[in-house]
Amino acid sequence: AQALRNTARSTWLKHWPHVSIFLKQDGAGPLDLTLMLMYIYQMYPGKKWYLLVHDDTFIYTQNLLCELRNNQDRGK
């Protein structure tokens, strides 16, 4: 688990300044997701967007930023 975290921090994660990493534990359930969301909101209050992804998700940054801008323009 620590190796995964270190790899992420030394590669793509260095481009995102406000990131929290959560590792799935055996038996994790809906309460864990609720606690995770509460923690994220406490760590980064007032942010307009929160993005939750799995470690094997590839994000096209330019597409993501464009979509967020489009949603903002539409008042979402």
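Because the structure is predicted, anything quoted here is derived from the model rather than measured. Below, all heavy atoms of this structure are taken into account, side chains as well, without hydrogens, waters or symmetry copies.
Across every non-hydrogen atom of Tyr50 and Tyr44, the tightest pair is OH-O, 2.6 Å.
Across Met43, Met38, Met36, a single residue satisfies side-chain contact (heavy atoms from CB on, under 4.5 Å) together with Ile40, and that is Met36.
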N/O donor to acceptor pairs below 3.5 angstrom from side-chain atoms of residues 59-67, sequence neighbours left out:
none

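Atom CG of Leu51 sits about 8.5 Å away from atom OG1 of Thr57, to the nearest 0.5 Å.
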